[in-house]
Amino acid sequence: METTDSALPECPGVAGCVAAVAAVCALAWACLATAALPPPASASAPPERFSAARAFTHVRELARTPRPVASPMNASARAYLVAALRSMGLDPQVQTATVQRQSMDNHHNVHVTLATVHNVIARLPGAARGRAPLLVASHYDSAADTFGASDAVASAAMLETLRALRAGPPLAGDTVFLFADGDNIGALGEQAFAEQHPLARQVGQTLRFRDLGNRGPAILQHVHGNAGMAIAAWSAGPNPRGSSFMREVSNLMPMAPATGPLASLAAPLLQFAAVAGRLGIFDTPQLFDRATLQHEGETMLALVRTLAGSPAASTTAEPDQVWFALPLLGMLHYPADSIWPVTRITCLLVFGVCLLAMQQSQVEAVDIAKGAFGYAFSAGVPLALFYLDGLHGALAQMVALAGPGDGGLRYMGAAAALTAAVFIALQRRLRARIGAMAASLGALAWLAVVLAVASWAAPGATCLLAWPIIGAALALAALHAPWVRALPSSARVALLLAGLVPAVALLVPAARDAYSMPTPFRVHIPLWLFAIFLGLALPLLAVAARRLPARAIVLAGAAALALPGSASTPPPDPLRPNPLVYYKDMPTWSEWWLSPEPELDDWSRRMFAGQPKRRRLIDVFGWDSDDLWYARAARTGVEFPYALLLKNEASPRHIAFDLTSKNSAPNIEMRLQGGKPWRALVNGRELSNDDQIRGWSLSMYGMGGQTLHFAFDLVGDPLLRVHVEERIPGVPEQALPAARPKKAYIPMTGQTVTSDILWFR
């Protein structure tokens with residue numbers, strides 16, 4: 001028999017339980033029922049208004065092909081931007097700069113990236129001079145294996161924003177529009193602007209746009225610096241969406257959209273992104289939601305009109321911000337300096353409620369501790385089941401195949417139902433031992449500890465813990481007041497529901513936004529948020545314990561997982577990147593067709609007809625290489641890397657050589673094997689200088705056909721190999737053994753690689 005607690009109300013019966021559940025569901029629905037995205041404006045929209053139809057013409061032009069840095073397609077996109085800006089009467093500049101970046105892993109292996117990038121910069125003069133200009137930034141390059149519509153949308157929105165601004169009255173101050181290059185190799189274009197362009201030292205505020213999805217609203221994803229005024233301007237704009245929690249979630253994505261080099265400027269920064277939908281092969285202009293483009297453009301235009309010419313703010317006063325939306329109250333925000341004070345107040349409040357319960361409800365401290373660990377166990381066990389080998393991947397695959405519509409939501413709802421059923425069953429046993437009040441306070445105590453950890457590790461997520469904990473703790477404290485105990489049971493249940501309002505208002509929209517992200521992480525994050533909600537709702541669960549059929553919930557969840565459901569309407573099958581590699585190997589003086597794909601399509605199978613399965617190409621890649629499809633290829637006019645050895649000194653160990661790409665390859669990869677270079681230079685430019693280096697590699701972009709003079713100082717007298725690969729987008733069509741079907745692959749995908757090995761004994 002379960003332990004009773006005089007402070008908690010009695011079960012209000014079936015009708016009361018239904019009413020409580022209905023109230024929570026109604027509040028959750030109100031939190032999700034945000035304003036719809038604006039409909040895309042037509043090309044005939046007023047000239048001072050942003051039009052997705054007009055902007056979409058730029059998206060189509062920019063995303064005709066992939067645009068990797070230093071490629072001919074990248075140069076074509078840049079020429080299009082310059083021509084479009086000049087047609088508006090502006091005088092754009094192309095900043096050409098060489099920048100480098102170095103990274104080192106835990107084993108002291110160094111990788112250096114060296115690139116020549118080309119930024120397009122346009123300055124729109126304002127009515128007043130002498131004010132710090134507003135910077136609006138995006139990038140126009142893309143990865144090598146995708147159309148990169150999401151990479152082109154922000155640039156297209158900037159062009160349409162500029163056109164709309166030119167059609168209206170002058171802004172209060174100057175605005176600088178930066179179309180950066182090299183974002184997909186580490187935001188090197190923005191680094192070039194921040195480090196080398198004179199305008200970078202004048203910027204007062206920065207707006208950065210970098211999409212990670214192809215649908216959904218443009219949310220405020222990152223904030224840097226004292227951006228309270230900018231956030232207030234954004235929250236007054238069209239349909240503001242986003243929270244600082246989404247910043248922490250997006251950091252888990254493979255291409256985490258950090259604020260990048262622009263955060264180094266002495267100016268606050270807001271970063272916006274659409275994060276819903278799917279990219280990769282689906283990142284095409286046809287599949288990009290034009291309502292998303294309209295929302296992003298309206299957000300950009302409204303912010304530029306509001307912030308251009310506004311007083312500059314220093315980044316040193318407030319290093320960060322926490323922001324989130326609440327129904328009726330709108331967007332709230334406060335500086336990161338307030339995170340720890342809020343955390344301390346929350347923890348003290350939980351501690352005070354525990355003391356109050358120990359004094360008035362005879363709850364033992366040891367029982368509260370048992371309740372804390374019991375909550376962790378009750379919530380952790382069902383969630384851990386989804387991390388068993390294969391189960392998490394299976395759930396992620398089901399959600400991905402079902403899509404973001406009803407099918408995927410059904411699988412997520414089933415997982416939540418199973419989590420709730422196991423949680424309820426375990427909590428019943430715990431309450432029978434320590435009581436419902438101790439179990440509820442233990443859950444609050446555990447969540448307070450989680451809040452303290454999050455304040456240090458993920459400060460943007462603290463809003464999802466602090467305010468819900470405060471609401472639940474105040475409700476439990478109020479239950480101990482004598483006049484509250486005298487109220488009817490239904491009134492005290494309503495008080496518990498009121499304490500749950502912050503949890504519903506914050507956790508439900510956060511789960512929705514995390515679920516919509518194009519990443520497998522969206523599968524488990526809503527479940528963790530649901531586990532937090534269950535901990536905060538423990539007093540209500542205790543009240544309705546006898547009315548919650550755990551077995552029925554288990555059966556419903558299992559049936560939802562097992563039964564096939566209708567998936568969302570799949571998008572049309574898009575073009576895929578060409579997996580072929582034309583490989584020219586200097587040491588073996590041979591040419592090969594390669595494909596790393598697990599399975600071949602009908603056309604590719606004809607190229608590798610003599611090979612029944614993937615195997616190692618030992619002569620070229622050695623015994624440690626991966627299995628792949630390979631076949632002999634015809635010789636073409638593609639040149640090998642041209643290297644000239646200059647020095648090979650033994651004591652101290654020093655080597656030097658010249659390297660020239662007769663192909664003017666956009667990308668050159670170099671790797672040293674067998675030596676420990678403590679110092680590396682190219683054309684007198686120091687690439688690295690560290691006597692702890694164990695391994696060394698280099699990626700170069702945009703070097704063209706210039707002669708590169710390399711010099712290395714090494715530790716000891718090792719046998720040294722220098723691997724060089726030139727990488728060129730596309731494959732030589734004339735070398736293909738059979739005509740390729742039209743529109744079989746994304747244009748200019750596939751890769752031509754020429755390689756050589758330099759030996760130094």
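Heads up: numbering here begins at 1 and tracks the sequence. The shown structure was predicted, so the numbers you read here are calculated from the model rather than taken from an experiment.
- L538 CG to R431 CZ: the interatomic distance, rounded to the nearest 0.5 Å, is 7.0 Å.
- Across every non-hydrogen atom of A420 and L534, the tightest pair is CA-CD1, 4.1 Å.
- No donor-acceptor pair under 3.5 Å is formed between the side chain of T306 and the backbone N or O of L303.
- The main-chain N or O of G460 is found under 3.5 Å from a side-chain atom of E248 such that the two form a donor-acceptor pair.
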Subject >> M300/F209 under side chain to side chain contact (heavy atoms under 4.5 Å, CB included): CA gap, chis, key distance, verdict >> reply: CA-CA 9 Å; M300 183 185 300; F209 293 81; 3.7 Å; yes
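- When side chains are defined from C-beta on, D513 counts as touching R241, because their heavy atoms get closer than 4.5 Å.
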TODO: Could you give me the CA-CA distance, side-chain angles and deciding distance for L37 and Q294, then say whether side chain to side chain contact (heavy atoms under 4.5 Å, CB included) is met?
DONE: CA-CA 8 Å; L37 291 181; Q294 183 71 31; over 6 Å; no
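- Between D367 and R433 there is no salt bridge, since none of the side-chain N atoms of the basic residue sits less than 4.0 Å from a carboxylate O of the acidic one.
- Rounding to the nearest 0.5 angstrom, the gap separating the CG atom in L500 from the CG atom in L496 is 8.5 Å.
- A ring-centre distance under 6.0 Å is found for F373 and W446.
- Side-chain atoms of L207 and T299, non-hydrogen and from C-beta on, never get closer than 4.5 Å to each other.
- Nearest heavy-atom pair, I525 versus F245, reported as atom, atom and distance to 0.1 Å: CG2-CZ, 3.8 Å.
- For the pair I368 and M437, the minimum side-chain heavy-atom distance is 4.5 Å or more.
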- Task: With side chain to side chain contact (heavy atoms under 4.5 Å, CB included) as the test, would you mind laying out the steps for F423 and R428 before giving the verdict?
- Result: CA-CA 9 Å; F423 182 85; R428 280 178 176 171; over 6 Å; no
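- Of all heavy-atom pairs between S235 and P240, the closest is O-CG, 3.4 Å.
- In this structure, the side chains of V223 and L269 stay at 4.5 Å or more apart for every pair of heavy atoms.
- Of the inter-residue distances, the one linking I532 atom CD1 with L465 atom CG reads 4.5 Å to the nearest 0.5 angstrom.
- By the 4.5 Å heavy-atom criterion applied to side chains, I469 and L444 are counted as neighbours.
- At least one side-chain heavy atom of L479 sits less than 4.5 Å from a side-chain heavy atom of R492.
- Between the CH2 atom of W467 and the CG atom of L451 there is a distance of 10.5 Å, given to the nearest 0.5 Å.
- Within the model, atoms CD1 of I219 and CD of Q271 stand 10.0 Å from one another, a figure rounded to the nearest 0.5 Å.
- Rounding to the nearest 0.5 Å places CE of M246 at 11.0 Å from CG of L220.
- Under a cut-off of 6.0 angstrom, the local environment of CH2 in W456 is sparse, with at most 12 non-hydrogen atoms contributed by other residues, nucleotides or ligands.
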Chi angles and distances behind the side chain to side chain donor-acceptor pair (under 3.5 Å) call for S455, T343 | CA-CA 7 Å; S455 300; T343 298; 2.7 Å; yes
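- Closest heavy-atom contact between A438 and V363: CB-CG1, 3.8 Å.
- In this structure, V504 and F533 have side chains that are in contact, with non-hydrogen atoms separated by less than 4.5 Å.
- Looking at H295, its side chain does come within 3.5 Å of a backbone N or O of A218 through a donor-acceptor pair.
- Listed here is the closest heavy atom pair of G225 and Q321: O-CG, 4.2 Å.
- Between the side chain of D211 and the backbone N or O of G213, no donor-acceptor pair lies under 3.5 Å.
- Ring geometry for Y334 versus F324: interplanar angle over 60°, hence perpendicular rather than tilted (30 to 60°).
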Worked check of side chain to side chain contact (heavy atoms under 4.5 Å, CB included) between R512 and V508: CA-CA 6 Å; R512 172 204 59 196; V508 171; 5.9 Å; no
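- The shortest heavy-atom contact between I339 and P459 is CD1-CB, 3.5 Å.
- Side-chain atoms of H333 never come within 3.5 Å of backbone atoms of V322 as a donor-acceptor pair (strictly under, hydrogens ignored).
- N214 has its side chain out of reach of D289: every pair of non-hydrogen atoms, C-beta onward, lies at least 4.5 Å apart.
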